[in-house]
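What follows is a single structure, written as structure tokens, with notes after it.
Hydrogens, waters and symmetry mates play no part in the numbers below; they use all other heavy atoms, side chains included. Note that the structure is a prediction, hence the values are computed from the model and not measured. Residue numbers count from 1 along this sequence.
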Amino acid sequence: MQKGFSSLLKFTIFAIAFIFLGLFFGYITFRILSFSRTVEVPDLRGRNLLESNRLLTDKNLYLKIEGEDYDSTIPVGYVLKQDIPAGKKVKEKRAIKVVISKGPRVKSIPLLVNETLFNAESILIQKGLRVTRVFMVHSDIIEKDKIIAQKPGIDEPLTDTITLLVSLGPHQKTYFCPDFRAMPLEQSLEIIKKLNLKVNIEGTGEIVESQKPEPGKQIKTGELVKLILY
């Protein structure tokens, strides 16, 4: 019985010591945290991200980007707002949230007609805009992939929907290849131009000796015709 009482006493002492140590270290941690150094929040408005991050790092604070917004006075990529006002004191290792400027809001769309679709999209992205609808149509005048028309136009109010009409180039037409053999080169080139064909010429003469494709074979606009001269 005495042995059992001794074991119980040891266990009780151990438990009390464990609780005491837990309370002691908890108190020490609390005191350390309570006495963390406070620092003054710097003014980040109108500064770029690199400079803002340096100012915060010097104060043992962190930068956190929370969003973007338009502003007519603050340049693109510079701090527009901060969640904690400049001059306020906070504890170290705190994140300071900022909103970045997107620059002034665009009020009208730039002229995109005759630009390629790729170039037009790049221009709009730089202005914080994007194409919402694209319609492709054939055109005998406007080169393939270039913009024929836009909506809204440059003189119209900007809307959330930017629509572009883009050229597919001319309709493909099918012909029976003419017989260019024994035909003067100049006359052959006139016909090829009217049919919207491409040409490859071999030889230095002025008269067509042979051709590819052969006369009477079906060809489409834009295809290549080879003329061999003598």
Side-chain angles (χ1 to χ4, degrees), residues 45-50 52 65-81 98-178 180 185-202 208 211-213 216-227:
R45 293 169 301 174
R47 302 181 186 275
N48 61 40
L49 293 178
L50 190 63
S52 297
I65 300 174
E66 186 148 80
E68 296 178 313
D69 201 359
Y70 293 102
D71 189 88
S72 59
T73 58
I74 304 297
V76 177
Y78 284 65
V79 176
L80 176 60
K81 304 172 187 174
V98 299
V99 175
I100 305 303
S101 173
K102 295 171 70 173
R105 187 183 295 273
V106 178
K107 295 182 179 179
S108 62
I109 189 172
L111 179 63
L112 303 174
V113 174
N114 288 326
E115 294 284 352
T116 63
L117 179 59
F118 177 81
N119 286 346
E121 289 177 328
S122 299
I123 292 169
L124 292 176
I125 287 173
Q126 291 174 7
K127 295 183 176 296
L129 304 172
R130 65 183 182 88
V131 178
T132 50
R133 289 192 296 185
V134 175
F135 294 102
M136 311 292 290
V137 296
H138 287 282
S139 172
D140 293 329
I141 302 173
I142 305 299
E143 187 180 338
K144 185 179 179 181
D145 292 329
K146 287 199 171 182
I147 295 169
I148 302 171
Q150 65 185 76
K151 188 170 182 61
I154 57 174
D155 297 324
E156 298 175 336
L158 186 64
T159 65
D160 293 334
T161 303
I162 297 176
T163 304
L164 300 179
L165 192 65
V166 181
S167 172
L168 284 170
H171 277 285
Q172 276 197 332
K173 297 178 182 179
T174 302
Y175 307 98
F176 291 105
C177 187
F180 298 108
L185 176 61
E186 185 176 350
Q187 184 181 354
S188 300
L189 293 177
E190 287 180 5
I191 295 172
I192 287 172
K193 183 178 180 181
K194 289 179 181 178
L195 298 179
N196 196 18
L197 299 170
K198 297 177 182 178
V199 64
N200 180 22
I201 300 173
E202 287 188 5
V208 177
Q211 66 181 76
K212 289 182 181 180
K217 186 175 181 180
Q218 283 194 342
I219 54 175
K220 295 179 180 179
T221 53
E223 288 191 11
L224 179 68
V225 174
K226 183 177 180 180
L227 302 179

The complete set of ring-ring contact (aromatic ring centres under 6.0 Å, His included) pairs with one or both residues in residues 105-134, sequence neighbours excluded, reads none

Rounded at 0.5 Å granularity, tell me how far [atom1] in [X] sits from [atom2] in [Y].
X      : Y      : atom1 : atom2 : value
Ser52  : Ile65  : OG    : CD1   : 9.0 Å
Asn114 : Gln150 : CG    : CD    : 10.5 Å
Arg45  : Asp71  : CZ    : CG    : 11.5 Å
Leu165 : Thr163 : CG    : OG1   : 9.5 Å
Leu227 : Ile192 : CG    : CD1   : 4.5 Å
Arg130 : Leu124 : CZ    : CG    : 11.0 Å

Check whether Ser108 reaches the backbone of Asp155 with its side chain - one donor and one acceptor, N or O, closer than 3.5 Å. no

Using modelled atom types and a 3.5 Å cut-off, is there a donor and acceptor pairing between side-chain atoms of Gln211 and backbone atoms of Pro178? yes

Listed by chain and number, what are the side-chain contact (heavy atoms from CB on, under 4.5 Å) partners of [X], not counting sequence neighbours?
X      : value
Glu121 : Leu117, Val131
Glu68  : Ile100, Lys102
Gln218 : Thr174, Phe176
Lys81  : Asp69, Val99

Report the C-alpha separation of Leu195 and Val225 in whole Å, then their side-chain angles, then the decisive distance to 0.1 Å, and conclude whether the side-chain contact (heavy atoms from CB on, under 4.5 Å) test is met. CA-CA 11 Å; Leu195 298 179; Val225 174; over 6 Å; no

Over all heavy atoms of both residues, which pair between [X] and [Y] is shortest? Give the atoms and the distance, please.
X      : Y      : result
Leu164 : Ala120 : CD1-CB, 4.3 Å
Pro152 : Ile109 : O-CG2, 3.0 Å
Pro213 : Ile219 : CG-CG2, 3.5 Å
Leu158 : Leu129 : CD2-CD2, 3.7 Å
Ile162 : Thr159 : CG1-O, 4.4 Å
Tyr78  : Gly46  : CD2-O, 3.2 Å

Would a 4.5 Å heavy-atom cut-off, applied to side chains only, mark Tyr175 and Thr221 as touching? yes

Can you confirm whether Leu111 sits close enough to Val113 that some side-chain heavy atom of one is under 4.5 Å from a side-chain heavy atom of the other? yes

Run the salt bridge (Lys or Arg N to Asp or Glu O under 4.0 Å) test against [X] and tell me which residues pass, sequence neighbours left out.
X      : answer
Glu190 : none
Lys173 : none
Glu66  : Lys97

Going by side-chain hydrogen bond (donor to acceptor under 3.5 Å, both in side chains), name the residues that satisfy it together with [X], two or more places apart in sequence or in a different chain.
X      : answer
Asn196 : none
Asn48  : none
Thr161 : none

Name each donor-acceptor pair under 3.5 Å that joins a side chain in residues 136-145 to protein atoms two or more places apart or in another chain, with its distance.
from	atom 1	to	atom 2	distance (Å)
His138	ND1	Gly169	O	3.1
Ser139	OG	Ile141	N	3.1
Ser139	OG	Ile142	N	2.9

